[in-house]
2 protein chains.
Amino acid sequence: MSAPQRSTYRHGDLRQALVGAGLEMARESGPDAVVLREATRRAGVSPNAAYRHFADRTALVGAVSDAALGAVAEAIEEEWERIDRRGDAAAVAHAELEAVGIGYLRFARDEPGLFRAAFTVPRDLESALSPDKAGPRGRTPFELLGIALDDLVAAGELPAERRPGAELLAWSAVHGLAMLALEGPLHDLDPELARQTGRRVIGMVDRGL
Amino acid sequence: MSAPQRSTYRHGDLRQALVGAGLEMARESGPDAVVLREATRRAGVSPNAAYRHFADRTALVGAVSDAALGAVAEAIEEEWERIDRRGDAAAVAHAELEAVGIGYLRFARDEPGLFRAAFTVPRDLESALSPDKAGPRGRTPFELLGIALDDLVAAGELPAERRPGAELLAWSAVHGLAMLALEGPLHDLDPELARQTGRRVIGMVDRGL
DNA sequence: GTGGGATTGTTGACAGCGTACACATGATCG
DNA sequence: CGATCATGTGTACGCTGTCAACAATCCCAC
């Protein structure tokens, strides 16, 4: 599981191994639990070896965060694929928006540690949107959200003048609920109530955009 | 400023001094920057003295978080006092809701470290709502939000059946924006754009509740 | 008042952390 | 084949949170 005895002096792909170990730790207790020495231990390597691949601990956590973002994208795409596209354009567009929100919240609930690793680590927008953090279908969460909003406009369900920046509004609402429920005051909100609140938040976004 | 030489063996009010030092550190760089040993240093006391007042570092951070919550309450109340109450009930109710949101976001912008200390530390709801974390006028942020929503219902601006749990919806939206802008991907959003987005989020809540 | 807990602060120690510096190993390419 | 450069190792330092044992002081019962 952890300390793979290796015969070669070189490791092979230490960088990847460190990120993997970091992901394990983050999954259990969030990004703060990513400890550099422990990662090297799990990779079966001396502590300082990490510095050949990361400038410092922050850089490692950043890489872990990137990987976590990819996992979020995957969760959202999964929900996206499930949409029934036989209805009219308006219904489909609303379903798309809902899918993004549901996927986002589902991931936050199922993988709180990774979720916090993905979004709680300071990074700039362009980095968050860069395509190498996309899901398996190659689309980032932000892109999917954008498509949903575009489709709402196209279907006449959202006035075009409200379209610019609407991502931020939708994102804020859903993200806020996730954070409050994860590490904030809603920490031990009843799970069923949390699910229900999630739906209501998405409804509020849909109505209020 | 920092190490107050004291003559007496006893400190006087060490607990308060530690919380104060913790607040300073949190203000600069958030709750993670609150380090127990440094707090004792600033209080002019040996490291272990802290353990007479806090079970461990977590407890200290918790106390700091409580104090930070009080500061949030104060910021919101400030905005609340500024409301022009001469209009009709509906307008006042909307203004109240807006005041809570604006105060919340203003505090997040002006005191990001304290904001994160207040809301990023795991705590349960009842603790977050307990009145000892209220502002100078004795009302917690959550209470003020509740009053605003009640007034919306009274003014016929919010269907009564949507009232229960509406706090969570409003709170989520505003909190999400704050978190994304503080330590998330919106980290370096243009300040003016951020302000504007804040207003739009509040508008979305007002429409979408 | 005086003696004896109960409080509160101090000393010393330990393991674990991130990281700097010097060194060892080995793959790669002239 | 030998030099170079990327990669991993060893040792060390200062910092952290926390434990255990000890010391000073306050305060209350006599």
Side-chain angles (χ1 to χ4, degrees), chain A residues 2-65 113 116-117 120-122, chain B residues 2-65 113 116-117 120-122:
Chain A
S2 34
Q5 291 282 4
R6 75 185 194 284
S7 48
T8 53
Y9 183 80
R10 298 311 230 294
H11 176 281
D13 193 0
L14 182 52
R15 181 186 165 97
Q16 195 49 42
L18 291 175
V19 172
L23 276 171
E24 285 181 22
M25 295 183 266
R27 158 177 272 129
E28 288 168 22
S29 345
D32 294 348
V34 169
V35 17
L36 189 145
R37 285 179 101 110
E38 172 66 17
T40 61
R41 231 172 278 133
R42 297 194 188 186
V45 114
S46 84
N48 282 332
Y51 288 89
R52 299 297 171 189
H53 302 272
F54 300 99
D56 54 13
R57 174 181 176 279
T58 310
L60 170 59
V61 175
V64 170
S65 174
R116 286 169 47 210
T120 240
V121 176
Chain B
S2 33
Q5 291 282 4
R6 76 184 192 285
S7 49
T8 53
Y9 181 80
R10 301 292 231 260
H11 176 282
D13 193 359
L14 182 52
R15 183 187 164 96
Q16 194 50 42
L18 291 175
V19 172
L23 276 171
E24 283 181 21
M25 296 183 265
R27 158 177 271 129
E28 288 167 23
S29 344
D32 294 347
V34 128
V35 19
L36 189 144
R37 283 182 101 109
E38 173 66 16
T40 63
R41 230 172 278 134
R42 296 194 187 185
V45 115
S46 81
N48 281 332
Y51 288 89
R52 299 296 171 190
H53 301 273
F54 301 98
D56 53 13
R57 175 181 176 278
T58 311
L60 170 59
V61 175
V64 169
S65 172
R116 285 169 47 211
T120 238
V121 176

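Side-chain atoms are counted along with the backbone in the values below, which use heavy atoms only and exclude waters and symmetry mates. Naming: A, B, ... by sequence-line order, numbering from 1 per chain.
Both Val34(A) and Arg52(A) lie near DNA chain C, and the one whose nearest nucleotide falls closer to the 5' end is Val34(A).
With respect to the salt-bridge test (charged N to carboxylate O, under 4.0 angstrom), the residues Arg41(B) and Glu38(B) qualify.
Taking 3.5 Å as the limit, the base of dG12(C) and the side chain of Asn48(B) contain a donor-acceptor pair of atoms between them.
If you take NE2 of His53(B) and C1' of dT7(C), they are 9 Å apart, rounded to a whole angstrom. A straight line from CZ of Phe54(A) to P of dT7(D) spans 12 Å, rounded to a whole angstrom. Atom pair Asp56(A):CG and dA20(C):C1' shows a separation of 13 Å (rounding to whole Å applied). Residue Asp13(B) contributes atom CG, which lies 14 Å from atom C1' of dT7(C) at whole-angstrom precision. Straight-line distance from the CG atom of Leu18(B) to the C1' atom of dG17(D): 14 Å, rounded to whole Å. In this entry the distance linking CZ of Arg57(A) with C1' of dG16(C) reads 13 Å, nearest Å. A straight line from CG of Leu14(B) to C1' of dT10(C) spans 13 Å, rounded to a whole angstrom. Separating the CZ atom of Arg15(A) from the P atom of dG8(D) is a distance of 13 Å, rounded to the nearest angstrom.
Using a 4.0 Å heavy-atom criterion, one finds that Arg37(B) contacts the bases of the nucleic acid, with or without backbone contacts as well.
Panel note: side chain Asn48(A), backbone Tyr51(A); no donor-acceptor pair is recorded below 3.5 Å.
Nearest heavy atom pair, residue Leu36(B) against residue Ala50(B), reads CD2-CB, 3.9 Å. Taking every heavy atom of both residues into account, Pro31(B) and Val121(B) meet most closely at CB-CG2, 4.1 Å.
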